[in-house]
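Below: the structure, in structure tokens.
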There are 2 protein chains.
Amino acid sequence: MARRLSHPDPRAVSLAEVLSALGDPVRLRIMAVLADRREHVRGDFEVDVGPSTLSHHMKTLREAGLTYHRMDGTRCFVSLREEALERFPSVLNSVLEACATQS
Amino acid sequence: MARRLSHPDPRAVSLAEVLSALGDPVRLRIMAVLADRREHVRGDFEVDVGPSTLSHHMKTLREAGLTYHRMDGTRCFVSLREEALERFPSVLNSVLEACATQS
DNA sequence: ATCGAAGTTCGATGATTATCGATATATGGT
DNA sequence: ACCATATATCGATAATCATCGAACTTCGAT
């Protein structure tokens, strides 16, 4: 398992890339869970895809600069990235609100 | 040419579908032009793709419930759909603002 | 009646994507 | 040392997508 996962500079990510990353039901569901601004582990995301597919979606969100992944032991703790919220504040906050209430 | 183009009920479109439709540079550029809330014709969208490709993107936005297409003669007038703005108000308004300023 | 212009649709193609299972790697527990 | 757990990565596959050019349709003008 990779000990350190790469986190891009959110300023290098375009709005289209962010919206594209958010435009998927599985990833929106993940974002809805992360909307409480706390760290979460894999078991918190109730999505019906296999582990490797979930990894793929997590990678997509991470590479869009939206999430921060902290490895601790064999676990991966995931949370929203503050820098991402600062990049497109109103867009991300409204999406979080929308997907948290009625995903 | 199709005389009437179908416009879906925006309430039947999910947030993921909307964000997916918006998650493309060409379509975001179109939305940036439409952000002034006025009707526009094809020539207003300065995108460097062919006519058929532009049609494809227009169709994507229309089927996401985001745009209204009015045929007049051989011309097609496109505008934002009010119902779409009512569906996800804060999301769409913030995206419009973001892409209009720094697409 | 014919022609050109505008825009959609169709068919094809290459690129991207979502998904899975298998494999790999690191960690924690015994 | 060994084994189970958690997750990432790889390889494959099927589906979706962006793009183009060609053909088609409608309309306006000559």
Side-chain angles (χ1 to χ4, degrees), chain A residues 1-8 13-31 33-34 39-64 66-79 103, chain B residues 1-8 13-31 33-34 39-64 66-79 103:
Chain A
M1 194 165 39
R3 213 154 41 271
R4 286 201 82 58
L5 300 171
S6 73
H7 292 81
V13 181
S14 71
L15 178 59
E17 287 172 305
V18 168
L19 294 176
S20 179
L22 294 172
D24 176 276
V26 174
R27 292 194 289 269
L28 263 192
R29 195 172 189 89
I30 295 171
M31 293 298 282
V33 173
L34 296 177
E39 274 192 331
H40 287 274
V41 292
R42 300 282 286 255
D44 297 341
F45 310 118
E46 297 181 2
V47 295
D48 51 356
V49 294
S52 59
T53 300
L54 181 51
S55 260
H56 162 252
H57 286 297
M58 299 298 254
K59 181 180 183 181
T60 301
L61 290 174
R62 177 167 48 82
E63 291 184 338
L66 293 171
T67 53
Y68 178 67
H69 298 225
R70 179 176 69 85
M71 306 302 298
D72 182 48
T74 63
R75 292 289 197 63
C76 180
F77 292 85
V78 185
S79 53
S103 178
Chain B
M1 196 166 36
R3 213 154 41 269
R4 284 200 84 57
L5 300 171
S6 73
H7 293 81
V13 182
S14 71
L15 179 58
E17 288 171 304
V18 168
L19 294 176
S20 178
L22 294 172
D24 176 275
V26 174
R27 292 194 290 268
L28 263 192
R29 195 173 190 87
I30 294 171
M31 293 297 282
V33 173
L34 295 177
E39 274 193 332
H40 287 274
V41 291
R42 300 283 286 258
D44 297 341
F45 310 117
E46 296 181 3
V47 295
D48 50 357
V49 294
S52 60
T53 301
L54 181 51
S55 258
H56 162 252
H57 287 297
M58 299 297 253
K59 182 179 183 180
T60 301
L61 290 174
R62 178 168 47 83
E63 291 184 339
L66 294 171
T67 54
Y68 178 66
H69 298 225
R70 178 176 69 85
M71 307 300 298
D72 182 47
T74 63
R75 292 289 195 64
C76 180
F77 291 85
V78 186
S79 54
S103 177

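Letters go in sequence order (proteins before strands), and every chain restarts at 1. Treat the numbers as computed from the prediction; the structure is a model and nothing was measured.
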| query | Please give, in whole Å, the distance from D:dC17 C1' to B:Leu61 CG? | reply | 14 Å

| field | B:His56: side-chain hydrogen bond (donor to acceptor under 3.5 Å, both in side chains) partners, not counting sequence neighbours | value | none

| query | Can you pull the contact range of chain A along DNA chain C, 5' to 3', using atoms under 4.0 angstrom from its heavy atoms? | reply | C:dA18 to C:dG28

| query | Looking at residues at least two apart in the chain, or sitting in another chain, which of them share a side-chain contact (heavy atoms from CB on, under 4.5 Å) with B:Ser55? | reply | B:Arg42

| note | With sequence neighbours left out, the residues meeting side-chain contact (heavy atoms from CB on, under 4.5 Å) with B:Val26 are B:Asp24, B:Ile30, B:Val47, B:Val49, B:His57

| query | Which of residues 42-51 of chain A sit near DNA chain D, with a heavy atom under 4.0 Å from it? | reply | A:Arg42

| message | I need the CD-C1' distance between B:Glu63 and D:dC17, as an integer number of Å. | response | 13 Å

| field | Rounded interatomic separation in angstrom, taking CZ from A:Arg70 and P from D:dA6 | value | 17 Å

| note | CG (B:Leu66) and CG (B:Leu22) are apart, to the nearest 0.5 Å, by 5.5 Å

| task | Would you mind telling me which of D:dT19, D:dT9, D:dT7 lies closest to the side-chain atoms of A:Cys76? | result | D:dT7

| All side-chain hydrogen bond (donor to acceptor under 3.5 Å, both in side chains) counterparts of A:Ser52, not counting sequence neighbours | none

| query | What residue pairs, at least two apart or across chains, pass salt bridge (charged side-chain N to carboxylate O under 4.0 Å, His left out) with a residue in residues 66-75 of chain B? | reply | B:Glu39-B:Arg70

| message | How would you summarise protein contacts on nucleotides 21-30 of chain D per nucleotide, using B for base, S for sugar-phosphate only and - for none, with heavy-atom distances below 4.0 Å? | response | BB--BBB---

| remark: Here the pair of heavy atoms bringing B:Ala16 nearest to A:Pro25 is CB-N, 3.9 Å

| query | Given atom NE2 of B:His57 and atom P of D:dC17, what is their separation to the nearest angstrom? | reply | 12 Å

| request: Assign B:Arg27 to base, sugar-phosphate, or nothing according to its heavy-atom contacts below 4.0 angstrom with the strands shown. | output: sugar-phosphate

| Quick one: ring pair (Phe, Tyr, Trp, His ring centres under 6.0 Å) partners of A:Phe45, sequence neighbours excluded? | none

| message | How many whole angstroms separate atom CD1 of B:Ile30 from atom P of D:dA18? | response | 11 Å

| Quick one: B:Met58 CE to D:dA18 C1', roughly how many Å, whole number? | 16 Å

| note | Of all heavy-atom pairs linking A:His7 and A:Arg62, the shortest is NE2-CD, 3.7 Å

| query | What about the rings of A:His40 and A:Phe77, do their centers lie closer together than 6.0 Å? | reply | no

| task | Using the test side-chain hydrogen bond (donor to acceptor under 3.5 Å, both in side chains), find all partners of B:Ser79 that sit at least two apart in sequence or belong to another chain. | result | none

| Nearest-nucleotide comparison on DNA chain C, the residue closer to the 5′ end among B:Arg75 and A:Gly23 | B:Arg75

| query | Does D:dC20 have OP1 or OP2 sitting under 4.0 Å from an N or O in the side chain of B:His56? | reply | no

